[in-house]
Protein chains: 2
Amino acid sequence: MSVNGGPTGGSGASDGAHAAANRYVPEATVARLATYFRVLGSFGENGTTTVSSDELATAAGVNSAMLRKDLSFLGSYGIRGVGYDVDTLTGQIARALGLTVHRSVVLVGVGNLGQALAGYAGFGSRGFHIAALLDADPARVGTCIRGLVVRDIAALADVVHEEGITIAVLATPAAVAQDVCDQLVAAGITSILNFAPVVLSVPPHVDVRKVDLAAELQILSFHESRKHAMPRPVAR
Amino acid sequence: MSVNGGPTGGSGASDGAHAAANRYVPEATVARLATYFRVLGSFGENGTTTVSSDELATAAGVNSAMLRKDLSFLGSYGIRGVGYDVDTLTGQIARALGLTVHRSVVLVGVGNLGQALAGYAGFGSRGFHIAALLDADPARVGTCIRGLVVRDIAALADVVHEEGITIAVLATPAAVAQDVCDQLVAAGITSILNFAPVVLSVPPHVDVRKVDLAAELQILSFHESRKHAMPRPVAR
DNA sequence: TAGATTGTTAATCGATTAACAATC
DNA sequence: TAGATTGTTAATCGATTAACAATC
């Protein structure tokens, strides 16, 4: 399945005014829905009940035409001349993102980065519960991190089945990431958030998203070079 | 400037066989160059001296036509019928990404995630040096993390000027991220890697890339919903 | 009604891919 | 030369944007 991109399969079926339950949603739109969801949360906390596409787009850092197009994939939940009801829209985006069902994740690899992820408050506050921590290092197994006992990677299949987990966060060293990934897939995991700087091979039914911290800096470095580069002489 | 996207400005100028120093490079290509660079590193460590576009593309998880097109933006460094020399190509990508000059970064916010980033070996091994750690919390200032003393955020301008830093990693709480961002920009930072779940406002000459961990899980959640969704009855 | 704002269309733009001539 | 593989073209595909009719 797609690795940080590629279209989201769906029907192209007909639809009534609100019958948008399962429409095709472009991958680029899905990524932005997560941003809209977060920004809507801030509006809600402020007590704002209604937002226009212009206000929401500005807060999310996108063009308002794009915002309206994105939202149109979910259905027609705005009111012309008025805007969007914050609560209604929040709920619809939550539904679209699958956040209305409880989602537990397993975190594999509690080294430097894994420990930080285990303690990252942003997961909990935004709909995800880290249900288990796993590691292969006997020195780490049995230790307690943020109230969770680190279990042996051998318990993976048990943990996944007991808790009904389908999403894993992979934060192991690069050298063992593919091996652990294979174990995750064998245990029934179908979505992986990969922090190890390797390209994972997975079967087609498994989604992988990768976060490559050094690559992000390299991309910034590319733009830095351009900013400070001497203009080239024009070709004669 | 672009926020995780948007084209990279450049000339469209003519070029000889190897005169690719400053050509326009699409943003999507820049992101993949970082992957090619890492994969080429592995080939080099293995002692491989030559790779074909097919081998490199497979290892990088992309189509070989796309790989060749990506590389063509850098110039013409392959040999028809043979492939690419690993060292030559590695060097050319390093040059394109601006990794041939030393790049120091400043990390602001040494909380849970910031501490992990400070200790993340992947930065150092892939061309970046964390030159300073800053925090606003007096309880953290003066502590030592991975051999670096945490300094007060008030020292930002000094640190940036002393070390010639233009890239910052922002790992503060969301509530203060925009304020700290403004300080970074005022101090002369022109590239920011943002881990705080907020949309940052920056002037046009500043690049921001964001890493939103919860958003990544939400995107996976979206696809999970689709995988397990009941097929909708066909409209009558 | 007049003003405001949505939802959608159509144009544009950028990215991906297959195919193949060039050439090692 | 024959075989292999690059670099580039052109077609396709998907994403973004401006503009505006629909409608609250």
Side-chain angles (χ1 to χ4, degrees), chain A residues 2-10 12 14-20 23-33 35-36 49-58 60-86 88-89 92, chain B residues 2-10 12 14-20 23-33 35-36 49-58 60-86 88-89 92:
Chain A
S2 59
V3 177
N4 291 17
T8 297
S14 71
D15 45 89
H18 271 213
R23 216 184 300 203
Y24 170 84
V25 181
E27 192 61 27
T29 295
V30 175
R32 284 188 298 264
L33 287 177
T35 301
Y36 305 152
T49 58
T50 302
V51 282
S52 67
S53 62
D54 234 341
E55 290 167 327
L56 186 52
T58 299
V62 302
N63 181 307
S64 72
M66 188 156 73
L67 174 92
R68 291 197 300 279
K69 191 145 194 36
D70 283 341
L71 296 183
S72 75
F73 291 108
L74 307 189
S76 183
Y77 299 107
I79 304 168
R80 287 167 200 249
V82 177
Y84 300 87
D85 178 75
V86 171
T88 303
L89 193 54
Q92 289 300 330
Chain B
S2 59
V3 178
N4 292 18
T8 297
S14 70
D15 43 87
H18 271 212
R23 216 185 297 203
Y24 169 84
V25 181
E27 192 60 26
T29 295
V30 175
R32 284 189 297 265
L33 287 177
T35 301
Y36 304 153
T49 57
T50 301
V51 282
S52 68
S53 62
D54 234 341
E55 291 167 326
L56 186 52
T58 300
V62 303
N63 181 306
S64 71
M66 187 157 74
L67 173 91
R68 290 197 301 277
K69 189 144 193 40
D70 284 341
L71 295 184
S72 75
F73 291 108
L74 306 189
S76 183
Y77 299 107
I79 304 169
R80 287 167 200 248
V82 177
Y84 299 88
D85 179 75
V86 171
T88 304
L89 193 54
Q92 289 301 330

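Lettering of chains follows the sequences in order, A, B, ..., and the numbering in each one begins at 1.
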Taking CD from B:E27 and P from D:dT16, how many angstroms apart are they, rounded to a whole number? 13 Å

D:dT5 OP1/OP2 closer than 4.0 Å to side-chain N/O of B:Y77: no

Taking the side chain of A:S53 as heavy atoms from C-beta outward, which of D:dT16, C:dT6, D:dG7 is closest to it? C:dT6

Grab the CG-P distance between B:N63 and C:dA15 for me, whole Å please. 16 Å

Let me confirm one number: the OG1-CG distance from A:T50 to A:L56, rounded to the nearest 0.5 Å. 12.0 Å

To the closest 0.5 Å, what do you measure between CG (A:D70) and OG (A:S53)? 11.5 Å

Considering only D:dA19, C:dT5, C:dT17, which nucleotide approaches the side chain of A:S52 most closely? C:dT5

Side chain of B:K69 only, please: which of D:dA15, D:dT8, C:dG7 is the nearest? D:dT8

To the nearest 0.5 angstrom, please state how far the CG atom of B:L71 sits from the OH atom of B:Y84. 5.0 Å

Within-4.5 Å side-chain heavy-atom neighbours: A:L89 and A:Y36: no

Please state how far atom CG in A:L89 lies from atom P in C:dT5, giving the value in whole angstrom units. 16 Å

By the Watson-Crick or G-U definition, both distances under 3.5 Å, C:dA21 is matched with D:dT6

From the list D:dT8, D:dA19, C:dT17, which nucleotide is the closest neighbour of the side chain of A:A65? D:dA19

Between A:I79 and A:R68, whichever has its closest DNA chain D nucleotide further toward 5' is A:R68

Calculate the interatomic distance between B:D85 atom CG and D:dT6 atom P; express it in whole Å. 13 Å

Figure out the CG/P separation between A:L67 and D:dA18, and round it to whole Å. 14 Å

5′-ward residue of the pair B:L71/A:M66 relative to DNA chain D: B:L71

Measure from CZ on A:F73 to P on D:dG14 and round the result to the nearest Å. 12 Å

Paired to C:dT12 by Watson-Crick or G-U wobble criteria (both distances under 3.5 Å) is D:dA15

Proximity to the side chain of B:Y84 - top-ranked nucleotide from C:dG7, C:dA15, D:dT6: D:dT6

Using whole Å, report how far CG of B:D70 lies from C1' of D:dT8. 14 Å

Of all heavy-atom pairs linking A:A57 and A:S64, the shortest is CB-CA, 3.5 Å

Is there a donor and acceptor pair closer than 3.5 Å between the side chain of A:R80 and the base of C:dT5? no

Between atom CG in A:D54 and atom P in C:dG3, what is the gap in whole Å? 19 Å

